[in-house]
Amino acid sequence: MGKTDTATREYINDSQIFADVFNYYAFGGRKVVEPSKLEELDTSALLTVFGKDGDEETIQRYRDALKIATLMADENAAYVIFGIEAQTHIDYGMPIRTFLYDGLQYDSQARKIKSAHIESGDEHSRDEFVSGLYKSDKILPVVTVVIYFGAKPWDGATRLSDLYECKYKELVDLAPDYNMHLIEPARMTDEDFEKFSTSMGKVLKFMKNSADKSGMQELMENDDAYKSIDRKAARVLKECANISLDIDSNEEVVDMCKAWSDAREDAARTASILSAVDTARRYSISEDKILADIIEQFDLTEDEARGYMLKKSA
């Protein structure tokens with residue numbers, strides 16, 4: 001697992017963030033899902049299928065985040081399984097992936113119900129015995145949201161039917177469809193970002209502006225909320241926006257405005273040094289002379305200077 005995947009998964013698995021995502025997506029920002037009433041579920045799912053010759057094949061998939069939530073409805077408890085998939089790049093087959101993830105979760109629930117009946121020795125009808133599920137059995141709904149941590153608009157499919165190819169509409173209408181729930185920063189408004197109660201709104205707003213230099217500068221200069229972003233969120237921004245930031249692992253809060261400004265200054269300084277090296281080489285100045293010049297001009301150590309010269313040679 002790469003640094004980007006690690007950062008996003010750690011972030012979305014935080015109960016505060018996880019609850020905030022569904023409060024935004026399902027309830028328009030109302031605090032219906034409580035972080036304290038979320039329970040971790042096993043993110044791996046297995047399904048054994050049998051081929052024509054009776055050969056077994058096991059399908060295993062891993063979710064990015066999966067939790068069961070206890071919600072209150074009319075003073076009664078309601079339960080639902082929530083999943084989040086974090087994407088840093090567009091997956092053009094994402095509706096198939098999430099459809100499979102949810103299907104495996106439903107199958108897992110059914111298997112557990114069947115096992116419970118067997119273990120308890122429950123009485124059953126013939127039909128109930130054959131299926132393993134009893135007439136009164138119910139399963140919990142599974143809702144998966146895909147969060148796209150990218151700046152450009154998602155141009156992939158968001159429904160299973162978007163991927164169908166068939167000339168007969170009558171047959172397409174009979175095929176099962178699946179709607180993928182997607183959060184993509186590029187199509188969100190400032191009002192949308194404000195519906196989050198955690199740093200998730202700021203993360204998504206940052207990503208939306210990350211490909212726009214003037215938009216980023218305005219955001220960093222005018223939004224003081226970025227002066228105190230939690231470390232997990234800062235790691236997501238660093239990895240997903242590909243910004244060179246120094247994040248102290250001992251600090252819980254990061255000043256993104258200063259970090260972004262420092263990163264811009266470092267990038268500009270690096271560009272100046274590399275430009276000086278390139279110009280000197282075009283005039284056939286010796287490597288030793290170039291080394292000495294950039295050490296003096298940019299106040300570098302010898303190791304730093306050699307590093308820049310090697311970088312320019314790469």
Side-chain angles (χ1 to χ4, degrees), residues 1-11 86-92 148-156 184-186 202-224 226-229 231-251 253-314:
M1 188 186 301
K3 290 182 179 180
T4 302
D5 289 338
T6 300
T8 55
R9 288 184 184 182
E10 180 184 14
Y11 184 58
Q87 288 295 119
T88 54
H89 296 89
I90 297 171
D91 183 341
Y92 293 105
Y148 171 49
F149 292 97
K152 66 179 182 179
W154 180 280
D155 61 358
E184 54 172 325
K202 295 302 178 185
V203 167
L204 296 173
K205 190 173 185 178
F206 187 101
M207 292 309 306
K208 178 177 181 176
N209 289 277
S210 62
D212 178 5
K213 290 184 178 180
S214 61
M216 276 298 298
Q217 183 168 347
E218 182 179 353
L219 190 65
M220 292 296 98
E221 290 179 352
N222 298 321
D223 196 333
D224 290 342
Y226 287 99
K227 292 182 178 179
S228 57
I229 289 287
R231 181 172 53 83
K232 288 182 181 179
R235 283 190 62 212
V236 170
L237 296 179
K238 174 183 178 180
E239 300 300 334
C240 294
N242 195 26
I243 298 175
S244 179
L245 301 178
D246 291 325
I247 299 176
D248 190 337
S249 60
N250 296 318
E251 293 183 356
V253 176
V254 177
D255 186 340
M256 282 300 299
C257 297
K258 183 178 185 304
W260 180 79
S261 177
D262 290 347
R264 285 190 68 202
E265 290 178 4
D266 289 343
R269 185 167 186 266
T270 296
S272 296
I273 296 171
L274 296 180
S275 177
V277 172
D278 186 55
T279 299
R281 282 175 174 164
R282 278 191 277 123
Y283 284 98
S284 300
I285 297 174
S286 71
E287 294 294 292
D288 288 343
K289 174 68 168 132
I290 295 173
L291 182 69
D293 285 347
I294 64 172
I295 287 176
E296 180 179 357
Q297 182 180 352
F298 296 100
D299 191 24
L300 301 173
T301 66
E302 183 175 335
D303 287 342
E304 288 173 339
R306 290 188 184 280
Y308 283 112
M309 292 180 69
L310 287 173
K311 185 181 295 187
K312 190 59 183 176
S313 298

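Closest non-hydrogen pair, Arg235 versus Lys3, comes out as NH2-O, 4.4 Å. A pairwise comparison of heavy atoms in Ala211 and Ala151 identifies CB-CB, 3.9 Å as the closest pair. Residues Lys311 and Thr270 share a closest heavy-atom pair of NZ-CG2, 4.3 Å. The two residues Leu291 and Ala305 have their closest heavy-atom pair at CD1-CB, 3.5 Å. The two atoms that bring Gln87 and His89 nearest to each other are NE2-O, 3.1 Å, heavy atoms only. Summarising the geometry of Ala234 relative to Met256, their closest heavy-atom pair is CB-SD, 4.0 Å, with the distance given to 0.1 Å.
The CG atom of Leu204 lies 11.5 Å from the CG atom of Asn209; values are rounded to the nearest 0.5 Å. Separating the OG1 atom in Thr279 from the CD1 atom in Ile285 is a distance of 9.0 Å, to the nearest 0.5 Å. Distance check, rounded to the nearest 0.5 Å: CD of Glu265 to NZ of Lys258 gives 8.5 Å.
The backbone N or O of Met207 lies less than 3.5 Å from a partner atom in the side chain of Ser210, making a donor-acceptor pair. Listed for the Arg269 side chain is a donor-acceptor partner under 3.5 Å among the backbone atoms of Phe298. Side-chain atoms of Ser275 do not come within 3.5 Å of backbone N or O of Ala271 as any donor-acceptor pair.
Not counting sequence neighbours, the partners of Asp223 by the salt bridge (charged side-chain N to carboxylate O under 4.0 Å, His left out) test are Lys202.
Looking at Glu302, Glu304, Arg306 one by one, the single match for side chain to side chain contact (heavy atoms under 4.5 Å, CB included) with Ile295 turns out to be Glu302.
In this structure, Tyr148 and Trp154 have perpendicular ring planes: the angle between them is above 60°, well past the 30° mark.
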>> Under the criterion side-chain contact (heavy atoms from CB on, under 4.5 Å), I'd like the reasoning laid out for Val203 against Tyr11: C-alpha separation, chi angles, the key distance, then a yes or no.
In response: CA-CA 11 Å; Val203 167; Tyr11 184 58; 3.5 Å; yes
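Judged as a salt bridge (charged side-chain N to carboxylate O under 4.0 Å, His left out), the pairs with a partner in residues 205-220 (not counting sequence neighbours) are, in order, Asp190-Lys205.
No side-chain heavy atom of Thr4 sits under 4.5 Å from any side-chain heavy atom of Phe149. Two residues are said to be in side-chain contact when any heavy atoms from C-beta on lie closer than 4.5 Å; Thr8 and Glu239 fail this criterion. Met309 has its side chain within reach of Ile294: a pair of non-hydrogen atoms, C-beta onward, lies under 4.5 Å apart. In this structure, the side chains of Leu300 and Ile273 come closer than 4.5 Å at one or more pairs of heavy atoms. With contacts defined as side-chain heavy-atom distances shorter than 4.5 Å, the pair Ile90/Lys152 qualifies.
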